[in-house]
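Down below is the structure, laid out as structure tokens.
Residue numbering restarts at 1 for every chain, and letters A, B, ... go by the order of the sequence lines.
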Amino acid sequence: MKISKKDVINTAELARLEFSDEQVEKFTSQLGNILEYIEDLNELDTKKIKPTSYGLEISTPLREDEVNQTITVEEALQNAPQSEDGFFVVPKVIED
Amino acid sequence: MEFEPVIGLEVHAQLLTESKIFSSASTKFGSKPNSQVTPVCLGMPGVLPVFNKKALEFAVKAGLATNCEISEESRFARKNYFYPDLPKGYQISQYDMPLCQFGKLDIKCEGYEKTIRITRIHLEEDAGKLIHEDSETESYVDLNRAGVPLIEIVSEPDISTSEEAVEYVKKLRNILKYIGVCDGNMEEGSLRCDANISVRPKGEKKLGTKAEIKNINSFRFIQKAIDYEIKRQITSIQNGEKVAQETRLFDSEKGVTFSMRSKEEAHDYRYFPDPDLLPVLVSKEYINNLKVSLPELPDQKLQRFTEKLLLSKNDAGILTSSKPLSDYFEKCLKYLDNPKVVSNWIINELLSVLDDEDKIGEFQVKPKDMAKLLELTENGKINGKIAKEIFPEMISSGKSADTIVEEKNLSQITDQSEIETTIKDIIEANPKEAQRYSEGEEKLLGFFVGQIMKETKGKANPKIVNEILKRLLGSN
């Protein structure tokens with residue numbers, strides 16, 4: 001399976017990444033190679049195998065419903081480039 | 001041309017857990033911004049979500065109470081989008097393998113009943129809150145709500161009117177409150193509703209293009225938003241325009257829906273199984289145990305009230321429309337075993353002084369005292385008119401009915417000879433009316449009863465008054 005330049009640009013946009021034309025060329029070829037490599041798996045006959053998304057046949061672990069506040073507001077905000085009155089502050093994001 | 005609306009609803013209900021769905025931060029409403037977050041809610045590198053046992057239990061219960069099949073294997077998926085209300089860059093939700101499927105609810109509308117099918121119920125985390133209004137250039141982010149457990153209940157497009165939509169959400173809300181998995185508080189957003197609406201010419205099989213109205217947070221707004229949207233779409237089509245597939249919001253002040261004007265590109269959520277979480281496996285035994293633990297649901301209670309307690313369907317419907325209300329009713333019955341009398345009083349008298357029937361548990365007059373008042377009327381100690389007068393005083397003073405009757409000397413006069421003397425006096429004082437009555441003007445009986453009640457300050461036993469009055473007037 002080949003990947004198109006359009007796919008690469010679209011995927012980059014969804015991830016909020018910006019690439020130069022040369023980079024797009026390069027990633028299109030690299031990603032295409034990776035997908036082709038993975039394609040080899042299609043040779044295997046998996047008709048009789050149940051589709052899974054995980055290798056383990058166990059259920060996800062559960063935790064008790066208990067409150068444990070492990071960090072303070074200050075700690076929560078300490079890596080934020082900008083904060084005010086306990087809020088994270090980000091560039092205005094409303095869509096219009 | 002006649003048009004037919006087709007409506008499907010997505011209801012988001014916040015589960016009543018103490019802690020978040022994948023982290024130990026508190027879910028309490030109204031705390032200081034970002035005071036209820038952990039590294040998991042913040043999407044810090046290297047952290048792992050761990051699923052809340054109670055959230056699973058509540059979601060399964062919600063599925064069982066809405067006649068769903070519970071999947072023994074379900075899984076979480078990542079819904080990818082880029083927005084600061086979820087710092088991870090994705091919402092953990094369920095996609096191709098939801099926890100509950102194929103449910104249904106029966107709703108009652110004006111003059112008919114209808115079944116609304118439920119496509120699925122899945123678990124997901126809520127997003128944080130953004131404040132845009134305080135600044136021109138910046139948005140403020142509070143992540144206290146990020147990671148609060150939600151269930152999303154998706155209906156089939158079986159709904160045809162705004163009335164049906166409201167009845168469906170009311171019923172759903174009532175059930176979730178009965179089983180104690182959601183507080184149903186629409187103002188605080190613990191229950192909110194998205195409506196998918198389209199219209200098509202009557203008889204047409206193909207669906208029209210739908211618009212989705214997001215985050216409607218009251219029953220009145222559900223009704224208004226849907227009615228407005230149906231009209232808007234019909235007008236567009238009649239004017240030869242196309243209905244756009246888009247997301248809209250309801251402006252409750254203007255009573256209109258408006259487009260959110262999203263960007264041209266359709267959302268591309270790129271769902272995939274969340275590698276941080278293993279599948280959720282539940283055993284038949286686990287499901288059965290929860291099934292057995294469910295309390296009596298509104299429909300079952302309604303059936304018991306009509307069949308065992310012989311209440312009318314209408315009255316039983318009112319009493320079971322709120323769990324606290326039906327609890328109050330049943331507590332009253334413990335003290336006075338007369339369902340009809342208690343039901344009538346609650347519906348006609350009590351509900352008219354109550355702002356919110358869900359808060360009846362905090363009502364000043366407790367079931368025991370309420371039942372006592374009704375008992376006094378039932379055994380003839382006071383009459384119904386006096387009972388209605390005493391009731392407001394019980395509310396304001398907190399005194400029992402007994403005490404008020406005693407203090408104000410309101411006991412009903414049941415002494416035959418005392419009543420007879422009064423009646424004789426009144427007939428003598430009104431000879432003309434007595435004459436007209438005996439000549440066949442029977443409605444004058446009411447005049448005499450009124451005079452007697454005035455004289456006795458409403459305390460005479462009406463039944464005895466009627467008997468004696470008829471006898472004395474007749475012999476006149």
task: Answer yes or no: is there a donor N or O on one side and an acceptor on the other, between the side chain of B:Tyr140 and the main chain of A:Gly86, under 3.5 Å?
output: no
message: Nearest 0.5 Å, please: how far is CD in A:Glu64 from OG1 in B:Thr17?
response: 12.5 Å
statement: Turns out that what part of B:Thr137 lies under 4.5 Å from chain A's heavy atoms comes down to backbone
Under 4.5 Å from a heavy atom of chain A, the part of B:Pro275 involved: backbone
- request: Could you tell me the separation between the CD atom of B:Glu138 and the CD atom of A:Glu84, rounded to the nearest 0.5 Å?
  value: 7.0 Å
query: Do the side chain of A:Asp65 and the main chain of B:Glu18 share a donor and acceptor less than 3.5 angstrom apart?
result: yes
- request: Could you check B:Val50, B:Leu56, B:Asn52 and say which one makes a side chain to side chain contact (heavy atoms under 4.5 Å, CB included) with A:Leu62?
  value: B:Leu56
message: Rounded to the nearest 0.5 Å, what separates atom CD in A:Gln69 from atom OG in B:Ser19?
response: 11.0 Å
statement: Applying a strict 4.5 Å limit to non-hydrogen atoms, the region of B:Glu57 in contact with chain A is neither
message: Please classify the contact of B:Met44 with chain A as side chain, backbone, both or neither, using a heavy-atom distance under 4.5 Å.
response: side chain
- prompt: Of the listed residues (A:Asp85, A:Leu56, A:Thr70, A:Ile58), which shares the most heavy-atom pairs with chain B below a 4.5 Å separation?
  reply: A:Ile58
message: Heavy-atom pairs under 4.5 Å with chain B: which of A:Val73, A:Leu77, A:Asn79 has the most?
response: A:Val73
